[in-house]
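Each ligand, and each atom within it, is numbered from 1 in the order the structure gives.
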Amino acid sequence: MNNAEIIELTHRHQVDVYGCLPLAFARGHGAYLYDADGNRYLDFFCGLAVTSLGHGNPRVVRAIKEQAEKLTHVSNIFHTEPTARLVERLANHFGDGKVFLGNSGAEANEAAIKLARRWGSNAGGGRFEILTTLGSFHGRTLATVSATGQERYHQGFQPMMPGFRFVPFDDLPAFDRARRDETVAVMVEPIQGEGGVVVPRADYLKRLRDWCDRNKLLLILDEIQTGMGRTGKFFAFEHVGIKPDIVTLAKALAGGLPIGAMIAKPEIASSFTPGSHGSTFGGNPVACAAAVAVIDALEQDGVLENASSVGGYILERLKEFARSCDRIIEVRGLGMIIGVVLKHDPRPIVEDCLKNRLIVNGTAGNVLRLLPPLNLTREEADAGLAIIENALKNVPVPK
Ligand SMILES: *Cc1c(COP(=O)(O)O)cnc(C)c1O
């Protein structure tokens with residue numbers, strides 16, 4: 001099928017929640033995607049921070065093929081080797097952790113929320129409330145959307161699930177003012193992704209960690225977007241030398257297959273006992289085999305170093321460009337998550353880049369977001385930057 005046929009058929013039968021761009025992709029290779037009419041695009045989006053090793057990464061493809069031929073599913077009442085290998089690798093990266101596997105980011109956060117409540121209900125002395133931040137994004141299920149501090153995601157779904165309150169991001173005293181007797185945990189993203197690539201002050205997470213310790217609260221970090229090397233470290237929290245009580249991963253974890261993971265300190269994870277929680281597909285052997293291959297690549301192929309150096313280069317180039325571009329308010333980010341804050345809706349820029357065969361993304365009303373593959377080359381970075389800078393120079397500022 002060509003682009004037009006695929007788009008028409010989808011529109012006719014799919015629930016319209018995505019506001020899709022009029023493009024259908026047929027295949028990908030490395031940092032490039034090919035649409036159903038055969039046009040090639042440079043991908044600075046990675047399916048929203050998912051295909052972080054590029055498309056068709058040989059390690060990931062091989063792992064998926066080999067596992068698909070052996071075994072695709074058995075149920076969590078049995079064990080499989082890929083699941084065993086993945087939980088070992090994740091626990092080691094976290095440093096003495098226990099892992100629960102699900103199929104998406106929202107499910108990973110659901111597990112974190114349920115674990116915090118479960119821990120709060122016994123060890124935590126009957127506490128249940130979780131403080132999250134304004135501008136956050138934690139998922140679309142009813143609990144995770146209730147945890148999301150953005151009114152627009154709540155519209156029409158009220159009543160929201162009780163047990164969440166919001167404080168401004170990057171504002172530690174606000175947590176202190178909001179804390180009540182029933183507060184058991186705080187949940188934050190190390191960098192707000194959907195909120196517009198909002199990078200907090202350097203000491204925010206460190207001081208939040210100390211404050212949680214003093215007040216006997218769990219610190220839950222949602223690293224669904226920032227984890228798996230996106231910022232140049234396996235976990236973003238490694239940049240500040242802290243460790244959360246619970247962390248969640250998803251998006252890039254299995255290189256493009258659906259997966260989610262919650263990792264918790266063993267003394268907290270033990271609040272979950274047989275029967276407490278579960279997921280039919282969680283820990284699926286094919287997804288787990290892919291995830292092990294992704295972790296191999298992060299550890300062995302110099303991917304984290306590349307994300308730091310090429311990501312840093314993109315950030316500096318755009319900061320330099322911004323000095324002579326008055327539609328830009330700020331350029332911010334870390335590693336391969338970069339936001340260009342504009343004085344206007346980023347859509348015309350996104351569309352112009354698409355016309356010139358570069359995929360970028362707009363979020364938070366006025367932020368152009370770049371999520372390139374972690375193994376992007378300097379030449380590919382230059383090619384993408386030329387298209388972005390051209391758009392920022394020439395596309396008229398919308399009214
Ligand atoms: C994408 C995202 C989620 C939700 O993940 P899904 O897989 O879409 O359920 C949660 N938190 C953050 C920070 C995310 O970026």
Side-chain angles (χ1 to χ4, degrees), residues 15 17-20 45-52 100-116 130-150 152-154 157 161 164 166 169-170 185-200 204-205 219-231 234-237 244 246-263 279 281-284 287 290-291 294 333-339 361-364 367 369-372 374:
V15 174
V17 289
Y18 294 112
C20 293
F45 181 52
C46 287
L48 224 169
V50 170
T51 50
S52 284
F100 173 82
L101 294 171
N103 310 289
S104 67
E107 269 187 79
N109 282 341
E110 282 276 341
I113 292 163
K114 285 182 72 178
L115 180 62
I130 300 175
L131 301 177
T132 72
T133 61
L134 292 168
S136 61
F137 184 81
H138 297 298
R140 303 287 202 149
T141 61
L142 202 44
T144 58
V145 86
S146 299
T148 292
Q150 296 193 61
R152 65 194 175 103
Y153 293 109
H154 298 173
F157 298 117
M161 216 186 90
F164 299 100
F166 312 113
F169 188 59
D170 198 12
V186 307
M187 176 155 82
V188 298
E189 298 154 84
I191 294 172
Q192 288 187 335
E194 301 312 293
V197 192
V198 186
V199 184
Y204 179 58
L205 288 182
L219 175 61
I220 305 171
L221 291 183
D222 178 344
E223 292 236 24
I224 288 165
Q225 193 159 150
T226 55
M228 298 307 293
R230 181 53 54 191
T231 69
F234 190 91
F235 293 111
F237 65 69
I246 302 175
V247 69
T248 52
L249 291 172
K251 293 209 160 86
L253 175 52
L257 291 196
I259 195 167
M262 178 206 67
I263 315 169
S279 168
F281 288 116
N284 173 272
V294 169
L334 185 62
M336 285 290 191
I337 176 168
I338 295 166
N361 171 251
T363 190
V367 179
R369 177 172 47 170
L370 312 182
L371 298 162
L374 307 183

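Contact annotation: the side chain of Phe169 approaches that of Pro200 to within less than 4.5 Å [non-hydrogen atoms, C-beta and beyond].
Within 4.0 Å of ligand 1, contacts by protein heavy atoms are made from Ser104, Gly105, Ala106, Asn109, Phe137, His138, Gly139, Glu189, Asp222, Ile224, Gln225, Lys251.
With Val188 as reference, Leu205 is the one residue of Thr132, Leu131, Asp170, Leu205 to meet the side-chain contact (heavy atoms from CB on, under 4.5 Å) rule. In summary, of the residues considered (Leu221, Ile220, Leu219), a side-chain contact (heavy atoms from CB on, under 4.5 Å) with Val247 occurs for Leu221 alone.
Between Val197 and Gly333, the closest heavy-atom pair is CG1-CA, 4.0 Å.
Atom CZ of Phe166 is surrounded by more than 12 heavy atoms from other residues, nucleotides or ligands within 6.0 Å.
When only modelled atom types and interatomic distance are considered, Asn109 and Asp222 share a side-chain donor-acceptor pair under 3.5 Å.
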